[in-house]
Amino acid sequence: MNARQYRILRYFWTIVLFGCAPLLAQPPADPKPAPPKPNVFALPRQSAEGHPLARQVARMFQEQEFALAEKLLRESLMKEPADPVSHYNLACALARQGKTDDALASLEAAIAQGFRDLELIKTDADLASLREHDRYKAALQSLATLLAADPPPTDKPNPSLIVDGVARVDQDNTRWNPRTGLFEIAFRLPETPEDEAASKLDAIKGHGKAGELVRKWQQEGTAGGLAGILYDNLDRKHSQLPLDQFPQLARVAYSPEAASEGLDYGLQTRHRFNLPTIGNSSTALTAGPFWRSQTRIGQVNPAAMQRLYEQYTHNHLYFYPEHRDFDPGRNGKDGGFGDVFPANTPYVITSQGSSGSDQAFLHAICCTLASFQPKTRDKLVETGLLMPTVQMIFRRSNKQVLSDDEYLTGKAHPAVFQGAQLDVERMVNLAHEIPPDAIPPLVQLLATTEDEARLGSDFFEAGHGEKLFDTPAAIARVYRTTARKRRMVVTAATTFDPNDRDLKFHWSVLQGRPDGVKIKPLKPDGTLVELLVEWQPRFALPGDEKMHSNRIDIGCFAHNGVYWSAPAFVSILCLDDEERVYDSVGRIESITYRSHAAGGNYADPAVHTPRDWRDEYRYGDDGKLAGWTRIQGEQRDEYTPQGELIVEKTQSGEPKTTKKVTYQAKSEKPGQAPVLVPVVAD
């Protein structure tokens with residue numbers, strides 16, 4: 001199911017969910033059986049697939065046929081001019097073609113006709129080219145005002161009883177929320193005397209000294225155990241937690257209807273439970289040009305990242321193996337590609353290795369969760385800070401992190417964690433000592449201003465911008481601009497502390513060349529900083545000369561006088577398939593783009609459309625950019641500073657006739673990643 005199909009379903013799902021039945025004065029002579037209850041788990045698929053226009057538009061977008069999609073949508077709107085979905089999809093098709101004014105007008109029309117999905121508008125990659133326009137920002141503000149005045153109705157699921165340690169997901173306790181695109185699933189805990197006795201079972205069996213400590217604290221009444229916590233396996237028992245070692249956990253089980261729609265498999269961004277949850281999926285995409293771990297699947301999707309943040313702040317934490325995304329080597333040589341994650345986040349835990357490598361981390365976090373004092377755990381759950389606190393404990397307790405000072409460095413916050421570095425005894429001791437009045441805060445970030453690169457002159461792409469995603473605890477950018485430095489101002493002023501303690505903030509370069517990043521406080525308390533980041537070629541990770549990365553990570557931490565918070569990240573990815581040369585004053589001289597297929601370095605095709613050419617830049621006597629020459633094979637073309645192709649020059653060499661150039665992603669063969677193609681206007 002692709003994102004565009006999900007857009008349509010949010011406005012057509014009621015057709016499936018609610019029907020109209022005639023009122024009869026008397027029962028019929030031959031009553032017919034009642035129609036079967038609609039399958040709630042099929043609502044997203046049925047709603048999208050049941051609308052023929054949705055299927056056609058989704059196919060056209062998948063094939064990059066935006067002009068055809070525009071034609072189809074305009075024809076549809078002639079028949080149904082009040083259809084908000086068609087207006088919205090038309091805005092997306094127009095934005096993909098660079099028709100900015102028309103796209104903004106269609107977006108405004110969609111909102112006027114009833115389109116209400118604010119999060120989708122904010123995160124949809126199809127609208128990336130509109131983000132910085134005042135009309136786009138005004139449209140967002142208008143919709144936010146409408147939603148505040150008239151919030152959508154909520155339909156809460158009916159909690160079902162957890163029986164014999166099994167929390168069953170079925171239609172009775174599940175609701176599909178078309179606004180958030182999530183299944184909301186509710187459970188209630190048993191209350192019988194037998195269940196009360198079961199809740200006093202040892203939370204942890206075995207596990208050495210850590211297990212002994214948890215059992216001792218349970219007997220003393222100072223550890224809350226694991227009662228009321230769910231375990232959600234999403235690889236169909238491929239790497240399942242041995243629940244006999246954690247008797248108090250409730251296992252999530254999916255009904256056949258839920259499993260048939262894939263809720264029991266892969267990256268968990270489709271549903272949310274009402275109880276604290278840990279889970280795992282020891283799976284990955286292993287073939288094709290878009291191979292990747294489940295973690296990387298999420299990082300290239302802004303909507304998925306928003307849902308992962310919501311899970312993180314609603315007491316959910318999931319574990320995924322890195323598979324091939326974090327292994328020494330380059331371009332597959334020496335067995336790996338290096339660190340190919342485009343971002344770093346605190347929302348999941350990614351383990352070094354493939355199938356089964358997540359198990360050690362699941363065990364460690366179970367022990368940690370069982371160690372909290374009952375009042376501390378209750379407050380962590382109530383405030384949504386359970387998993388941010390678990391992340392802090394996990395990172396602060398790794399074997400290579402020996403002090404608070406080291407916790408504030410990259411040692412504690414890699415994109416991928418090694419099982420050999422786990423110190424479970426340290427983790428349970430740290431969890432057990434935290435009192436409810438000293439719960440660590442939750443850092444919340446917002447990029448207030450930043451340099452904006454111009455599509456078609458500062459960088460070249462088909463739909464992608466520099467903003468990968470914006471979430472409150474992780475911000476990610478792709479360094480596309482030709483500028484030597486990139487500026488961003490970030491605030492942490494909305495950081496949340498449940499006990500209203502005075503906070504101090506610390507910012508640090510966790511990954512990347514420190515001399516290429518400047519962090520300038522703009523407020524004495526550190527809540528507002530200016531980040532100046534230079535473009536950087538590939539570099540070795542600290543402490544591991546065999547592992548290389550192209551991603552710069554900046555961390556923000558808040559201290560409440562007792563504990564540091566979990567990190568919040570600003571990540572900036574420099575693309576490895578670009579070779580850049582800057583002159584002595586920082587001006588771009590040339591960029592050579594060479595795709596992996598043509599012998600260049602690997603760059604994620606979901607982030608960066610491959611291309612093969614070289615741009616050589618030229619400057620006037622005044623030092624200003626005069627244009628560039630693009631060399632592609634035997635062809636040489638000259639461009640103006642605005643990115644237009646020079647067709648004819650005057651006798652003095654000035655541009656006389658130019659043509660506008662746009663960029664499209666086109667696949668040469670089925671199954672291959674698309675390549676970037678310049679398209680010259682007629």
Side-chain angles (χ1 to χ4, degrees), residues 189 196 199-204 207 209-231 246-250 273-278 311-317 346-347 349 361-398 401 404 407 412 422-444 473 495-503 557-568:
L189 300 175
E196 178 69 20
S199 70
K200 295 187 181 299
L201 293 170
D202 289 340
I204 310 293
H207 291 81
K209 181 63 175 177
E212 291 177 10
L213 288 170
V214 173
R215 290 187 288 275
K216 171 178 174 292
W217 294 329
Q218 270 193 278
Q219 292 170 4
E220 297 171 350
T222 61
L226 294 172
I229 296 179
L230 306 178
Y231 168 62
F246 308 98
Q248 291 184 326
L249 283 179
F273 302 105
N274 67 326
L275 295 177
T277 304
I278 60 168
Q311 287 183 354
Y312 178 61
T313 53
H314 285 80
N315 307 312
H316 289 45
L317 184 62
Y347 304 149
I349 290 178
F361 298 91
L362 279 165
H363 285 245
I365 297 304
C366 283
C367 293
T368 303
L369 288 168
S371 303
F372 286 115
Q373 300 174 35
K375 289 185 178 180
T376 299
R377 196 185 97 172
D378 288 346
K379 188 166 185 177
L380 287 169
V381 172
E382 177 189 351
T383 58
L385 296 181
L386 179 62
M387 296 313 176
T389 300
V390 166
Q391 279 279 24
M392 181 278 289
I393 293 167
F394 161 65
R395 294 160 185 262
R396 177 63 181 83
S397 301
N398 264 232
V401 182
D404 277 355
Y407 176 72
L422 284 167
D423 189 331
V424 185
E425 186 176 342
R426 283 178 66 191
M427 292 172 68
V428 300
N429 275 300
L430 180 51
H432 189 248
E433 75 176 29
I434 297 176
D437 62 353
I439 290 170
L442 175 68
V443 175
Q444 302 279 269
T495 292
F496 171 59
D497 183 82
N499 295 300
D500 294 323
R501 289 171 169 263
D502 292 333
L503 302 178
F557 306 84
H559 196 270
N560 65 2
V562 184
Y563 298 107
W564 284 105
S565 69

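One is the number of the first residue; the rest follow in order along the sequence. Everything numeric here is computed off the predicted structure, so don't read it as measured data.
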Stepwise side chain to side chain contact (heavy atoms under 4.5 Å, CB included) test for Y231 and L226: CA-CA 10 Å; Y231 168 62; L226 294 172; over 6 Å; no
Step-by-step side chain to side chain contact (heavy atoms under 4.5 Å, CB included) determination, Q391 to I349: CA-CA 8 Å; Q391 279 279 24; I349 290 178; 3.8 Å; yes
Side-chain donor or acceptor of [X] paired with backbone N/O of [Y] under 3.5 Å:
X	Y	result
R377	F372	no
R215	I204	yes
N560	I439	yes
R501	D437	yes
Q248	G225	no

Classify the ring geometry between F246 and H363 as parallel (under 30°), tilted (30 to 60°) or perpendicular (over 60°).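 The rings of F246 and H363 stand perpendicular, inter-plane angle above 60°.
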What's the separation between atom [atom1] in [X] and atom [atom2] in [Y], rounded to the nearest 0.5 Å?
X	Y	atom1	atom2	value
C366	I229	SG	CD1	8.0 Å
Q218	S371	CD	OG	9.0 Å
L317	L386	CG	CG	9.0 Å
I278	L362	CD1	CG	5.5 Å
M387	L442	CE	CG	13.5 Å
L249	L369	CG	CG	8.5 Å

Looking only at heavy atoms, which two atoms of [X] and [Y] are closest? And how far apart?
X	Y	answer
Y312	A473	CE2-CB, 4.5 Å
T495	P441	CG2-CB, 4.3 Å
L422	M427	CD2-SD, 4.2 Å
A566	V443	O-CG2, 4.2 Å
G228	P276	O-CD, 3.6 Å
P567	F557	CB-CE2, 3.5 Å

Go through N274 and H314 one step at a time and tell me if the side chain to side chain contact (heavy atoms under 4.5 Å, CB included) criterion holds. CA-CA 8 Å; N274 67 326; H314 285 80; over 6 Å; no
Pairs of donor and acceptor atoms involving the side chains of residues 428-436, under 3.5 Å and at least two apart or interchain, shall be tabulated with distances.
from	atom 1	to	atom 2	distance (Å)
N429	ND2	E425	O	3.0
H432	NE2	T222	O	3.2
H432	NE2	T222	OG1	3.0
E433	OE2	Y563	OH	3.2

N-O pairing of K216 and E220 below 4.0 Å: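 So K216 pairs with E220 through a salt bridge.
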Tell me which pairs pass side-chain hydrogen bond (donor to acceptor under 3.5 Å, both in side chains) where either residue lies in residues 380-390, with sequence neighbours left out.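 Sorted result for residues 380-390: empty, none.
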Side chain to side chain, I365 and F394, heavy atoms closer than 4.5 Å: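 The answer is yes; the side chains approach within 4.5 Å.
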Quick check: do F496 and S565 have side-chain heavy atoms less than 4.5 Å from each other?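 Result no, sub-4.5 Å side-chain heavy-atom pair not found.
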Evaluate the criterion side chain to side chain contact (heavy atoms under 4.5 Å, CB included) for residue pair Y347 and Q311; output intermediate values, then yes/no. CA-CA 8 Å; Y347 304 149; Q311 287 183 354; over 6 Å; no
side-chain contact (heavy atoms from CB on, under 4.5 Å) partners for H559, two or more places apart: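 Per chain and number, H559 pairs via side-chain contact (heavy atoms from CB on, under 4.5 Å) with K504, W564.
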